[in-house]
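Being a predicted model, the structure only gives us computed values, none of them experimental. In what follows, chains carry the letters A, B, and so on, assigned in the order in which the sequence lines appear, proteins first and then strands, with residues in each chain numbered from 1. Note that these values count all heavy atoms, side chains included, but never hydrogens, waters or copies made by symmetry.
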Amino acid sequence: MSSVLVPQEQDFPRWYQEVIAKAQLAENGPVRGTMVIRPWGYAIWERLEAAIDERIKATGARNAYFPLLIPEAYLRREAEHVEGFSPELAVVTHGGGKQLEEAIVVRPTSETIVNSSFAKWISSYRDLPLLINQWANVVRWELRPRLFLRTSEFLWQEGHTAHATREEAHEYALRILAEVYADAMVEELAIPVFQGRKTEREKFAGAEVSWSCEGVMRDGKALQMGTSHELGQNFARAFDIQFSDRDGELRHVWQTSWGASTRLIGAMIMVHGDDHGLRVPPRLAPVQVVVLVARAGEGVIEAATTLVDDLQRAGVRTELDGNVEVSVGRRIVDHELRGVPIRLELGPRDLAADQVVIARRARAEKDTAALPYVALEIPNMLAQDQAELLAQATALRDGRTRAARSIDDARELASDGFARLPWKAVGAEGENRLAQAGVSVRCLVREDGRPVDDPDAAGVDALVARAY
RNA sequence: CGGGGAGUAGCGCAGUCUGGUAGCGCACCCGGCUGGGGGCCGGGCGGUCGCAGGUUCAAAUCCUGUCUCCCCGACCA
């Protein structure tokens, strides 16, 4: 990470927005706090979405779609849930040209509307488990929005499931956390995450237990990248979701809900981005290789086209940049800003030497390769660069995660990273003290890496940090 | 809501303290030269300085009021 910028906290937002603007990923939308995602950014998102969707389906869940507008009364049915969301609701008061008798809210999340359907769909243990996922946009009227990380409107997937037993719901929630979220973040985004349990203070409104994947951004701040909740029977009671069990008894279902959003694109920018713009992990890059004609010359275009064909046949997403009207420097900068993983430069001089110039975004180096063989080597290089980004992000995370000796110590360390200390040494009271300094307990983890079933047990550590 | 800051050309800014009728970079247009990392030289187009009022011979600049935006904090995927 030689030329990598490690921004100071105060100038970080500026750096971040410049990268986004230059990379043409997003721009401010018409309503404060919303955002527009440009085609290049969306192409990255589409690949990530597909990767997550595939993993979700592997757990047995299926996609469905529910209404955007929810009667306010639905939200009121679960006390903690409505309390948690009320301040950030966008409310529709007019329709059809007149004031509505009862206000309708734009969904901030869909537990209530989904569960009103679940109540009708579920009657027998044979209907369980019911595993539903929805890709949709939701609205939360945030006090202070941040591009990508906390926009008023965002695109996400939200899963909603119903199970016959608490144990089954518990296992499923953890399965989503590990096999869907953590796996996609590591394998696709090349970002390592801490998987842990939320404290009572931090858990989702309406949940019994919340689990999350926490990422470490380049400035040392935490980003909650995905959450999975055990809802217990809270919504089942509120929406009367019951089933006849094998023994003939009528029982309420046990539920989970879980979500991950376009915030993940923000994480990619904040973890992998550098002075020169984005660095998109090869697995997510819409264009993995750009073959750039540095200068026109006899046979150059033909050779470049052949190279593109060879790469495409090898399954590499490749683009030809033969726009010699535009200066080489400008085109190179454009591709760097967009984070294209590998750039091959070809001109008359290279052709004469039977070579190409190869520049790899992940490692900021430029080299030459033999023209006849380079197409064969590229797939392996892409895999290496994917691993390289993960290695860099892992070094970042580990370097910024330190053991703390006390709450005061943790508060110090949280100025630029994560602090880890026994949860027993913190507790609800210590958590409040940290909160006054803008530091929160991101999640609870066990030394042996297993899920935290009992927060008060021995060997449970708190990971604390400042969060976005 | 509390604390800071900013509104001047399409974009980014200087000029404001010490009033004299607006300037720089990028972009754009024209010509030429260049062409392996955001080209160079020359020539152009473009704004009456957020808005309203006041002081003055004269206001981007001073005074009063007002609107908007941004940043930090509180709420949060």
Side-chain angles (χ1 to χ4, degrees), chain A residues 9-14 16-18 21-22 27-28 32-33 83-89 107-111 136-159 181 198 201-205 207 210-215 222-229 257-267 275-277 292-297 300 304 321 323-337 343-353 355-359 364 366 368 435-440 442 466-468:
Chain A
E9 189 163 331
Q10 67 266 22
D11 61 29
F12 189 71
R14 184 175 177 171
Y16 172 53
Q17 286 174 20
E18 276 187 10
K22 285 180 182 170
E27 58 192 16
N28 289 323
R32 184 169 184 271
E83 195 180 324
F85 280 105
S86 284
E88 53 190 71
L89 294 180
R107 62 183 168 212
T109 178
S110 304
E111 272 75 7
N137 51 346
V138 292
V139 170
R140 298 180 187 179
W141 212 265
E142 301 289 352
L143 261 44
R144 201 150 100 72
R146 263 181 207 280
L147 205 55
F148 276 112
L149 305 186
R150 191 174 306 105
T151 44
S152 303
E153 176 182 345
F154 58 92
L155 180 55
W156 74 345
Q157 62 65 217
E158 48 175 323
Y181 295 151
K198 285 292 187 184
R201 183 193 175 97
E202 296 286 330
K203 76 178 185 187
F204 174 71
S210 287
W211 305 88
S212 76
C213 290
E214 301 285 332
L223 186 71
Q224 183 171 309
M225 293 171 61
T227 48
S228 186
H229 313 289
S257 72
W258 26 280
S261 72
T262 39
R263 168 181 272 191
L264 293 174
I265 298 293
D275 292 1
H276 304 281
L292 184 147
V293 177
R295 212 181 140 181
V300 176
D321 179 354
N323 187 12
V324 292
E325 301 297 309
V326 177
S327 80
V328 179
R330 182 170 292 276
R331 288 183 286 146
I332 287 174
V333 167
D334 282 348
H335 295 128
E336 276 179 345
L337 280 170
R343 183 178 72 249
L344 299 176
E345 299 171 14
L346 194 59
R349 292 210 295 259
D350 302 300
L351 205 53
Q355 66 174 35
V356 289
V357 172
I358 177 165
K366 210 163 163 172
T368 56
Q436 281 165 11
V439 177
S440 56
R442 302 316 305 156
R466 292 180 184 280
Y468 275 107

ask   = Rounded to the Å, how far apart are A:E142 CD and B:rG73 P?
value = 14 Å
request  = Write down the distance separating the P atoms in B:rC1 and B:rU66, rounded off to the nearest Å.
outcome  = 14 Å
request  = Among B:rA77, B:rG38, B:rG36, find the nucleotide with the atom closest to the side chain of A:V333.
outcome  = B:rG38
remark   = Taking a pair to mean Watson-Crick or G-U wobble geometry with both distances below 3.5 Å, B:rA52 pairs with B:rU64
message = Taking B:rC13 as the reference, what is the distance to B:rA22 when you measure between their C1' atoms (whole Å, please)?
response = 14 Å
message = Quick check, does A:F154 stack with B:rA77? I mean ring centres under 5.5 Å and planes off by under 30°.
response = yes
message = Within the 4.0 Å heavy-atom criterion, would you say A:E336 contacts the bases, only the backbone, or no part of the nucleic acid?
response = base
task = Return the value, rounded to whole Å, for the distance between atom CG of A:N323 and atom C1' of B:rG36.
result = 15 Å
ask   = Atom CZ of A:R343 and atom P of B:rG38: how far apart are they, to the nearest Å?
value = 12 Å
request  = With C1' as the reference atom in both, quote the distance from B:rC63 to B:rC24 in angstrom, rounded to an integer.
outcome  = 30 Å
query = Among the nucleotides B:rA77, B:rG38, B:rG36, which one has an atom lying closest to any side-chain atom of A:Q224?
reply = B:rA77
task = Give one of base, sugar-phosphate or nothing for A:G347, where a contact means two heavy atoms less than 4.0 Å apart.
result = base
inquiry  = Taking only the P atom of each, what is the distance from B:rG31 to B:rG12 in whole angstrom?
reply    = 30 Å
task = Take atom CG of A:L143 and atom P of B:rC75, then tell me their distance rounded to the nearest Å.
result = 9 Å
ask   = Counting only Watson-Crick or G-U wobble pairs whose two distances fall under 3.5 Å, which nucleotide matches B:rC75?
value = none
remark   = Tightest non-hydrogen contact, residues A:V293 and A:A304, listed as CG2-CB, 3.8 Å
request  = Pick the C1' atom in B:rU61 and in B:rG50, then give their distance to the nearest Å.
outcome  = 16 Å
task = Using only heavy-atom distances, determine whether the side chains of A:R442 and A:S440 contain a donor-acceptor pair under 3.5 Å.
result = yes
query = How far, in whole Å, is B:rG10 from B:rG3 if one measures between their C1' atoms?
reply = 34 Å
ask   = Would you say the side-chain atoms of A:S212 and A:Q224 include a donor-acceptor pair closer than 3.5 Å?
value = no
ask   = For RNA chain B, whose closest nucleotide is more 5', that of A:L346 or that of A:G226?
value = A:L346
remark   = Against the side chain of A:R295, the closest entry in B:rA77, B:rG37, B:rG36 is B:rG36
task = State whether the distance check finds a donor on one side and an acceptor on the other, under 3.5 Å, for side chain A:K366 versus base B:rG36.
result = no
query = Is there a Watson-Crick or G-U wobble partner for B:rC11 with both distances under 3.5 Å, and which nucleotide is it?
reply = B:rG25
inquiry  = Of the listed nucleotides (B:rG36, B:rA74, B:rA77), which one gets closest to any side-chain atom of A:R144?
reply    = B:rA74
request  = Mind checking A:V138 for me? I need base, sugar-phosphate or nothing, with any heavy atom below 4.0 Å counting as a touch.
outcome  = nothing
key: Pairwise C1' distance for B:rG46 and B:rA9, with rounding to whole Å   = 6 Å
task = Check for a donor-acceptor pair, side chain of A:K203 on one end and backbone N or O of A:A207 on the other, with a separation under 3.5 Å.
result = yes
message = Taking the P atom in each of B:rC26 and B:rC40, what is the distance between them to the nearest angstrom?
response = 8 Å
message = Looking at every non-hydrogen atom in both residues, tell me the closest pair between A:F204 and A:T109 and how far apart they are.
response = CZ-CG2, 4.5 Å
key: Whole angstrom value for the distance that separates P of B:rA74 from CD of A:E88   = 15 Å
request  = Indicate yes or no for a side-chain donor-acceptor contact from A:N137 to the backbone of A:V139 under 3.5 Å, with no hydrogens or angles considered.
outcome  = no
ask   = In Watson-Crick or G-U wobble terms, both distances under 3.5 Å, what is the partner of B:rC33?
value = B:rG39
Report each atom pair, protein N/O against N/O of nucleotides 39-42 of chain B, whose distance is under 3.5 angstrom.
| residue | atom | partner | partner atom | Å |
| --- | --- | --- | --- | --- |
| B:rG39 | OP2 | A:S327 | OG | 2.9 |

query = Which part of the nucleic acid, if any, lies within contact of A:T151, taking any heavy atom under 4.0 Å across all strands shown: a base, the sugar-phosphate backbone alone, or nothing?
reply = base
ask   = Considering every strand shown, what is the Watson-Crick or G-U wobble mate of B:rC69 when both distances are under 3.5 Å?
value = B:rG5
ask   = Quick one: which of B:rA77, B:rC75, B:rG37 gets closest to the side chain of A:T227?
value = B:rA77
ask   = Is there a Watson-Crick or G-U wobble partner for B:rC57 with both distances under 3.5 Å, and which nucleotide is it?
value = B:rG20
query = Rounded to the nearest Å, what distance is computed from the CD atom of residue A:E325 to the C1' atom of nucleotide B:rU34?
reply = 14 Å
query = Do A:R295 and A:P348 have side chains that get closer than 4.5 Å, going by heavy atoms?
reply = yes
remark   = Scanning all shown strands, the Watson-Crick or wobble mate of B:rC45 with both distances under 3.5 Å is none
message = Could you tell me how far apart A:D321 (CG) and B:rG37 (P) are, to the nearest whole angstrom?
response = 14 Å
request  = Spell out, as yes or no, whether a donor-acceptor pair under 3.5 Å connects the side chain of A:R263 to the backbone of A:G226.
outcome  = no
key: Backbone of A:A260 reached by a side-chain donor or acceptor of A:Q157 within 3.5 Å   = yes
key: Under 4.0 angstrom between A:R146 side-chain N/O and B:rC72 OP1 or OP2   = yes
query = Is it true that A:E325 and A:R331 have a side-chain N and a carboxylate O under 4.0 angstrom from each other?
reply = no
ask   = What is the distance from CZ of A:R466 to C1' of B:rA74, rounded to the nearest Å?
value = 14 Å
query = Between A:G438 and A:A294, which has a closest nucleotide on RNA chain B that is more 5'?
reply = A:A294
